[in-house]
Every structure is written in structure tokens, then in C-alpha cells.
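Every chain is numbered from 1, with letters handed out A, B, ... down the list of sequences.
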Amino acid sequence: MSQTADQPNAEQGTGDVPPHRYTPALAQRIELAWQDRWEREGTFHTPNPVGPLSEGFERVADRPKYFVMDMFPYPSGAGLHVGHPLGYLGTDVTSRFRRMDGDNVLHPMAYDAFGLPAEQYAVQTGQHPRVTTEANIAAIKAQLRRLGVDHDERRSFATIDPTYYKWTQWIFLQIFGSWFDERAGRARRIEELVAELDAGTREPGSGTNPFGRPWAELDEVEKRTVVDAHRLAYLHQAPVNWCPGLGTVLSNEEVTADGRSERGNFPVFRRPLTQWMMRITAYSERLLADLDRLDWSDSLKQMQRNWIGRSAGARIGFSVGDEVIEVFTTRPDTLFGATYMVLAPEHPLVEALTADAWPDGTDPRWTGGAATPREAVAEYQRQASRRSELDRQNEAREKTGVWLGVNAVNPVNGRELPVFIADYVLTGYGTGAIMAVPGEDTRDFEFAEKFGLPVIRTVQPPEDFEGGAYTGAGPMINSANDEISLNGLGKAEAIGRITEWLVARGAGEATVTYKLRDWLFSRQRYWGEPFPIVYDEHDLPVAVPQSMLPVLLPEVDDYSPKTFEDDDAESAPEPPLSRATDWTTVELDLGDGPKKYRRETNTMPNWAGSCWYYLRYVDPDDDERMVNPENERYWLGPRGEGDVGGVDLYVGGVEHAVLHLLYARFWHKVLFDLGYVSSEEPFRRLVNQGYISAYAYTDERGFYVPAAEVEERDGQFFHDGKPVNREYGKIGKSLKNMVTPDEMIGQYGADTFRVYEMSTGPLDQSRPWETKAVVGSQRLLQRVWRVVVDEETGGVRAADDMEPSEETLRALHRTIAGVRDGFGTLRFNIAIARITELTNHLTSAYGADRPVPRSVAEPLVLMVAPLAPHIAEEMWARLGHAESLAWTPFPVADERWLVEDTVQVAVQVNGKVRAQVTVPADADAGALEAAARADERIAGYLDGATVRRVVAVPGRLVNFVLG
RNA sequence: GCCCCCGUAGCCCAACCGGCAGAGGCAGGCCCCUUAAAAGGGUCCGAGUGUGGGUUCGAAUCCCACCGGGGGCACCA
């Protein structure tokens, strides 16, 4: 039954190595043979309940389902290093273990393939991005296959496949075709909105009707404009992140804190442009609240919470003439301390509020040196728009701003508050306007100092306070008018009281705001999904009907975007698709006869394809639907009341904490609201695998030397005989410490590589790579091999007619329990340690001359299988089994051999261990104490002393507390 | 500045709900096999858990402070 031609190790030559030792060469033969057989037999095909992939489902119908997957790779041209497979191997071990243990396991893999790097690489090489991308996918597929992973190949796809992006476009249309009903707290179809507006049971949402007439009096085009403003995918003119160096706009999530592009590190500028947006903010509360229902790490949840950035506070209106400035504040209690106001430079009221002339005696610091407020404002706005995010968010920067020449009125005391614009107030957060309270806010204090504005303290600072803004706790002061006094109150109480007062006066309300902004969804790139949108004669967007999907990406001569000098803030984006002129205009019949339409020429961002790929795994070939609902319910549906459903285990890098994971959760919730999926969340459980780093070495000049050539002697490191410095960092070419899986597989085989990677720690833990330690894993597999196979003859050593000793049985069942624990908790290192112990026990108990009982050898092989599947399959076959072990039940520990008849318990005196006694395992506290007292040494301690208390924990210990 | 996570042997890591700090690997010492070698076999060595307090009969584990490392957020009102 052996999968290898049962040839001895011919390559060893000298004859010193036993002919049937598990050498790297033998490992290679075994691995390649089994990879072929798995493919040939479809060993890892996973049946669906219904549909084209349902063949064989009856075999697994009574099994629980388990859906495990990795964050799919983006196949770049650069090769893999040993850090990359860690997560893939973690899911593979889990998948193989759960299949053996009786689950119907879905473990698929696809490829993320649209996006900037592929396009940039294509531009460099002059090849079409599809060509380079498909070559990269083929390369990575081959590498994964060589690692021996058990993906169901039939469910593999790439996001660039038209059969896939057809449904990405379809989902876009569902989002475009819906709106968020605040009252219901969920998305609904846009037709239902129109019906309610027509029926008069609903008014257009605030800010959606610019026409100043009620819905019923609007014409058709005006009505469409109002409806479009409600959609979850909508066109919006607003300042966006424009990156001239990349030639595209970017989402907030793609811009780093210092105002540069996450990819390429180019400066990013704020520019007002009309772009597609996704109304993710409508889901802020649900995205935040449902984090509590997910099995994710605290740190990851924390990152999402930070990004969503909920803050509770109040909205307060300040009158300026006929206008009202709305501000958001988390400290309404400090309202009496407001001494001026600030609007963001882009605030819509700036135009209307700005005075014609400076009043007499205007402080020259307030005018920006301009002759009139209008000039000052225009100049300041111009400067602000040119400033990159980097400049603007630089905290150390001096506060700047100009006065509008008008004053607002503080509703609490009628005080006149000069109104400024300043770029330290951001357009997109809160209302884009603040009340400035320099006494209790550091930023406001800085501004007030520079502009000579008064400071009123409303919180009593402590005695030793040194000045500046006091942001700490303290009793309220200076906060009273004829109707209300906050003086003496603490912060929480003061907030409650003043909010109540504002609400009663109609001047404010309690509210919540979020840092999360809507998702900028347009990119000026070639290599992405085209929008299924055309524009009609009114320049309004119209959905391309489902029957016309996919909207195929057209061939163009030049797929590179127009890029600009990195710092050219005045430049404007120009999508490559706009140059495909025979594609951009199209004649379609969308219901009212053939008409000319103009196509949307932006493409979707890279994140679109990765937002829903987990759904497609479930039903990869369905051309009628995104996913068959019955299969979705089976693989992703909730497992009980209140369960969110979703993928059972999702493993990937922490770098996607706020991008991919937030976007995917948002899309999923929309699809849930519209009834397309039964699960509320896409990923029930998520684990971030650790990083693998490696040592790197620098010589005395500080240059990196090849890490592979460094020798260690007595804790010192040498290269070419000269001492070098050891550092620790990312694996890669720049640190000259690159190690590839291909090298390791070539040197040891995939199984050894797998065992080594899994043995270095729990999956979520980062760890160092140490090539020299890999040999430990190889030794383990060699010892396991020796338990089953005679190295001299190649014959099977397991003995059928032998019963294992009680000691061996105890060792076996302890191992089974430990291995199950390790696999179940992603602590593969523990499982490997238990297997090592058992193997060592068998080696020493049975030695070279006595065979190991089959009833022990077989479970050992099965336990090794998830970690080192090829060698395990080979041993299983040699043990006489015709079928792959992939579907063989995983060993179950027998309780009988786990409980000891007698246990050793520690005896403590005053908490210090003084003796050990052996007692029956079921000895109760009294028996324990008696046994302990009977011990000579303990008797010595107790002699003449007063025992104040005895703590006896059955099975654990006895502690005598002496008085 | 705010928030989160982590500090156990020379190194990587174990220790379930507080109960004898050690399972496993690497490195190191010794022995066996070998003419010799090693990616073979065996065996031995090793820290009192970052520091200081507290709770407890008992703390690596719980609490507080500090030190060190990693990460996230940050002109977010």
C-alpha cells in the first residue's frame, strides 16, 4: 500500500545510513506521491447540502459543520518567506483535525487580485495586469500545494474572475438600491422609501432636499436627486484624500496618521471632488455593539472601537443673527466657559456668516492681515485646502485662524462669542464647529493665548495647578445664571443638568457622534471592478440591470493612471477608463427605449472583492445567485438564539483590523438587512496569527551580512571570523535574513517544516525563526517513523499480538487528551510536546528490538496526521490501510487511563512544601490529612506546634498552618 | 497624551478555575554507535516567574504602583 516505490535510500551511497531511514529524500518522495493521490481522489472535497457541489452530502449530513479559512493572499511577484505560511498551516492543522474528529469541514482558498500593486507591477513590466496576476496566482497555488494544505480546490477563484466580480457588482447594486431607515435601525429597499414619501408617511431625511419644496411638489428629476441622497451608496462632493503620487483618491482607512498613503507613502491632500461614498456611518452603532458578540481578541476589538470612536455629548445651537451654528461637545458642563467659537474652514455656514468689513478696533491678530473679513477668509480657506493632512494634523503646529467679523451668542448667558475659522477644527467630525473653552481644553487654550481671547475657568483646578487648560476633575465654578447653577457639582452631574436645561430651552440635545466617516469608494485606477452604473441625460446615476452584469473591464491601450508630482496638490484625478472612449458611452434600453448613457469610469477599491469572498466559497459556481441561501444557512447561519453566525475560524494578519474587517462587517450587515444572508456577522471567531521575525547581523560598519553565514561561539556572533552585532527584525532581503519555505522543504520536506512552524508557539504568538532549530522537528518525525517502520528492512514494526503495558496505555491516553487540547485551542506546540513525550516513551520502553503494539502505533500515527499529513498517510498505508486517514476518526482518550489510582500530593507547612505523600486518588480531606500527619518529616514539623488550621484539597495538597 | 497586550532557564515556550514552577524544542556537558564525522541513540545540567507592595493558609496566576517591550489611537471637540 505504500505510495512510494518501496526503494531504499539509494542516494545515501555510503551505507552508513540505514536504507529505510526517514531522510529528506524519502520525505520528498512520500510528500509528492500523497499530494497527487489526494488530488486524484478528491480527498478534501467538501459537499454542500444542495446544489452542484452536493454530491456525497448524505455521507456527512449528520456531522456538525466547521468553516475555517485564511485571509486570502494577494499574489505579489515577490516570493514567500517562512513567515507567510504560518496562518495557512494553522488552519490546515485545524481543518484536518476537525475532519478526523467528525466535522464536515469547509477549508477553501481564493485569491485577492485586483488592486494597486498588481497594476503597478504591470506598468513596470509593460504587461497586462491580468497576465502577471494570473502567473502570480499559479505560483502561489503551487507553493500551497507543496505545503500539503487540504483546500477544496473546486471552490477556488480569484476576485478578478468575471464570474466573481459580476456578484461584487451585484452587491454594489443592492447597496445602491437601499437606504438606512433610522427608525427601524436597518437598511431597507429604496422602493419602500419612495412609497412612503409618496404616501406622505415619511419626510425626506435632513439635508436630502435642497429644493425647499415638499416632496409632493418636486418634479421627477428633483425627486430622484432627493432619493439618491438617501442611498447607502451615493455620490458626494466633499473634501477627499487626493494622492497625486498614486493618481487616485483614498479612503480614510488608507491614509496614515501622518497624512500619507498607506501604500507608497506619498503625501495626501484634501480636495473637494465628487466621488462614490458608502454610508458605513449608518451602521456605527451596530458595528460597535456587535463587537461584544464576537469571539475576537481584545486588542482587535479595541482597534475597531477606536476607529469607530463613539463619543457621547451634546449638540448645542449658538445664534449668529438669523443663522444658528450647531456644535458638538462632550463637555456641555463647561458651556459657561465658552469665550469664542471656531468653524472648520470648509464649514458650509462660513460664506453666509462672513461680515463685509472689520468693525473698528479689530485686533490685528484676528484679521490675517487682510483688508476685509471676506479676503481674510478666502485666503485662509485657500491655504487650508493646499495644506496636506500631514501639516494640518501636526500637533506641534502653531494654531492659525481668522475672525469672520461676527459674534455668536452663548445661549446660557448671552455672552458675545467671536466666530473664527481655524484648521484645528475638522470638517468631518461632529458638526465641523466647536464652542471653544480655553479654560478646560488644551487646544482652545493655545488658540486663545495666540489670539488674545479671554479664559474663564468653570472647573476648580487644584491648589498646585500651574496654569494653562485644566482638563482634570473638580467642582464646577463660575457656572450660573438666573435659572440654573452648576456650581459645586461634579462633571457627570453637571452634564446631566445643563443638557436638561438646554433641551427645555430648545437650544440643544444629548447626542452621540462617531469618528468613523463614510467610506470613499471610488478609485481612479484601471485594475479594479467597474461600477455597474451609467449616467443619463440629467447626469444622474442609473443602475445597470442585473441581466447586464458583469460590466466587463474594457481593454485599454494604457492602463496606468495619470500620476503627478507627489506634492502637486492642485492636480486632479483622471481615471484610466475615461480614455476608453468607445466604452464610456453606451446605448442601452433600460426600460424607456434605447438611449445613450455615459459609463462611470472610476473603479472600486481593492477592498470590494475581499468584502464578501467568504460567501462565495459556499457556492462558488452559482450563476443565478450570489450564494444559495440554503448553503449559506448551513455554513454561516446562526447556531442558536442570539448567535451572530459567520465563519467558525478566520485566521489572518492584524494589519487588516480596521480596513478589510470593518468593510466586510458593514457589507454583511447590509446583506443581512436585505435578507440575502441569515448571519449577522461574517466572522464569528477571528485569530490573528503571530509574526515570524528573524535575527539579522550587522558588521562593524553597520552593514547587514548574510544571516545564514553567521556562526555562534560562546554567545558571540561571527561572520568571516569577525564579530558581528545581532539584531532582530522582519524577514526580508534588506536585512539579509531571508529564508524561504522552498529552501526548508528542499532541505527537510514539507512535514518537518510544518511541524517546526507549529511547534514554536501558539498560533497567535509572534516568534523568531531559527533555521538551526528545524532539525529538532526532523528528529521527532524520524523517531515516530522508527516506531512504525524498520529502518533496515522497511518492514512494519507494529505488533498485532501484543498488549501494551499499563504504563504505555496511561501515556497514550494522556497524550490523546493533551493533543486534543492543543489542536482545539490552536496551541499546536502543546500537541507536539505531548506527541514527543509519547514517542520518547515508546522508544525507550520498546527499543530497537521489540515492536510497538499496533494499538498504540496507530493512534500515534493518527495524532501526527494533522501536523505532518504525508508521513502519517505513508505510515498508515504501511500499517495496512487502503483508505486515506483523512476521514479516519481521531483517537479518543479513555477516561479510565487518565485517572490515576494513587496520586502524589504535596504537604505544606505554612505554605512551604515539606513532603510528598502518596494517597488513593479519591482520598477525601480527612484521609489526606491523616496521611500527611503520618509522614515522619511532617510529624517533626507539627511536633510541639499548634496547628491553627488545616487546608486539605483532595488530589492537590495539604497545608498545615501553625499558630 | 489616552487605550490595549505582554515580561517564566542562555534562547523559544509550558504550567486547567490561585495549589509541588517544567511538558517539549534549541543551545551546552557527558556517554553510546562510528576509522572519523553527524541531521543517529541515550543521559545530565539549568530559572523561583521584570521590580516593589497588597489580598490569601497558599500568588507566575488576583489587585495596586513602578520599570521594560510590543501594538493601537491621537488637534476627534
Side-chain angles (χ1 to χ4, degrees), chain A residues 16-18 21 23-24 257 297-307 309 311 313 327-331 334 342 392-397 399 422-426 428-437 441-444 446-447 471 513-515 517 654 657-658 695 712 714-715 747-748 752 755-756 759-762 765-770 772-780 782-783 786 791 818 821 825 827 829-837 840 843-844 847-848 904-916 948-951 953 955-962:
Chain A
D16 290 316
V17 173
R21 173 158 293 171
T23 60
S297 72
D298 287 342
S299 61
L300 201 68
K301 289 184 181 181
Q302 186 68 25
M303 281 186 240
Q304 292 223 338
R305 286 193 191 104
N306 279 343
W307 192 262
S311 21
V327 307
F328 172 73
T329 176
T330 55
R331 295 294 304 274
T334 63
V342 186
R392 193 160 163 174
Q393 300 204 350
N394 182 354
E395 233 172 307
R397 225 183 98 233
K399 293 280 180 290
D423 64 6
Y424 82 93
V425 171
L426 309 174
Y429 185 74
T431 61
I434 62 160
M435 65 175 201
V437 186
D441 184 283
T442 317
R443 298 151 302 183
D444 296 344
E446 283 170 20
F447 189 91
T471 55
T513 58
Y514 302 88
K515 249 170 63 184
R517 323 275 176 86
V654 72
V658 285
Y695 292 109
E712 183 179 356
D714 307 324
Q747 216 171 323
Y748 295 102
T752 295
V755 170
Y756 171 71
S759 72
T760 46
Q765 194 150 2
S766 290
R767 72 226 37 208
W769 175 266
E770 267 194 287
K772 63 178 185 180
V774 179
V775 67
S777 301
Q778 193 196 22
R779 284 179 189 150
L780 171 63
Q782 283 178 330
R783 266 178 279 154
R786 225 171 356 247
E791 287 192 328
D821 179 37
T825 55
R827 294 179 300 167
N829 53 324
I830 295 177
I832 293 169
R834 295 291 93 82
I835 289 171
T836 308
E837 283 172 321
N840 290 350
T843 303
S844 61
Q904 277 216 328
V905 297
V907 184
Q908 297 179 337
V909 178
N910 287 334
K912 294 212 163 49
V913 179
R914 298 300 187 189
Q916 305 276 338
R948 200 156 52 89
R949 188 172 163 188
V950 179
V951 183
V953 184
R956 296 281 194 187
L957 56 44
V958 186
N959 187 13
F960 293 98
V961 184
L962 305 185

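Remark: the separation of the P atoms in rG52(B) and rG70(B) is 24 Å, to the nearest Å. Rounded to whole Å, the P atom of rG19(B) lies 45 Å from the corresponding atom of rC75(B). Taking the C1' atom of each, rG50(B) and rA9(B) are spaced 15 Å apart, rounded to whole Å. Remark: the separation of the C1' atoms in rA60(B) and rC17(B) is 15 Å, to the nearest Å. Comparing the P positions of rC31(B) and rA38(B) gives an interatomic distance of 14 Å, to the nearest angstrom. The same atom, P, is picked in rC32(B) and in rC20(B); the two are 39 Å apart, to the nearest Å.
Glycosidic torsion of rG69(B) falls outside 90° of 0, placing the base in anti. Taking 90° from 0 as the syn/anti boundary, the base of rC31(B) is oriented anti.
Note on ring orientation: taking the six-membered ring where Trp is involved, the planes of Phe328(A) and Tyr429(A) are perpendicular (angle over 60°, cut-offs 30° and 60°).
The side chain of Gln908(A) approaches rC20(B) more closely than any other nucleotide in the set rA77(B), rC20(B), rC13(B). The side chain of Val961(A) has rC57(B) as its nearest neighbour among rC4(B), rG42(B), rC57(B). The side chain of Lys515(A) sits closest to rC73(B) out of rC26(B), rC73(B), rA77(B). Closest to the side chain of Lys399(A), out of rC75(B), rC3(B), rG40(B), is rC75(B). Closest to the side chain of Lys772(A), out of rA14(B), rA77(B), rC26(B), is rC26(B). Nearest to the side chain of Met303(A), among rG40(B), rA14(B), rG72(B), sits rG72(B). Closest to the Gln302(A) side chain, of the nucleotides rA14(B), rC3(B), rG41(B), is rC3(B). Distance from the side chain of Arg783(A) is smallest for rG42(B) among the nucleotides rA77(B), rG42(B), rG72(B).
Side-chain contact, Arg21(A) with Thr23(A): no donor N or O sits under 3.5 Å from an acceptor N or O.
Of the residues near RNA chain B, Thr329(A) and Arg779(A), the one whose nearest nucleotide (by heavy atom distance) lies more toward the 5' end is Arg779(A).
Pairing partner, rG10(B): rC26(B), with both Watson-Crick or wobble hydrogen-bond distances short of 3.5 Å. In this structure, rA65(B) forms a base pair with rU51(B), meeting either the Watson-Crick or the G-U wobble geometry with both donor-acceptor distances under 3.5 Å. With a cut-off of 3.5 Å on both pairing distances, the Watson-Crick or G-U wobble partner of rC57(B) is rG19(B). Of all nucleotides present, only rG72(B) satisfies the Watson-Crick or G-U wobble test against rC2(B), with each distance under 3.5 Å. With both pairing distances under 3.5 Å, rC45(B) is matched to nothing as a Watson-Crick or G-U wobble pair.
Judged by distance alone with a 3.5 Å cut-off, a donor-acceptor contact links the side chain of Asn959(A) to the base of rC57(B).
Side-chain N/O atoms of Arg767(A) include none lying less than 4.0 angstrom from OP1 or OP2 on rC12(B).
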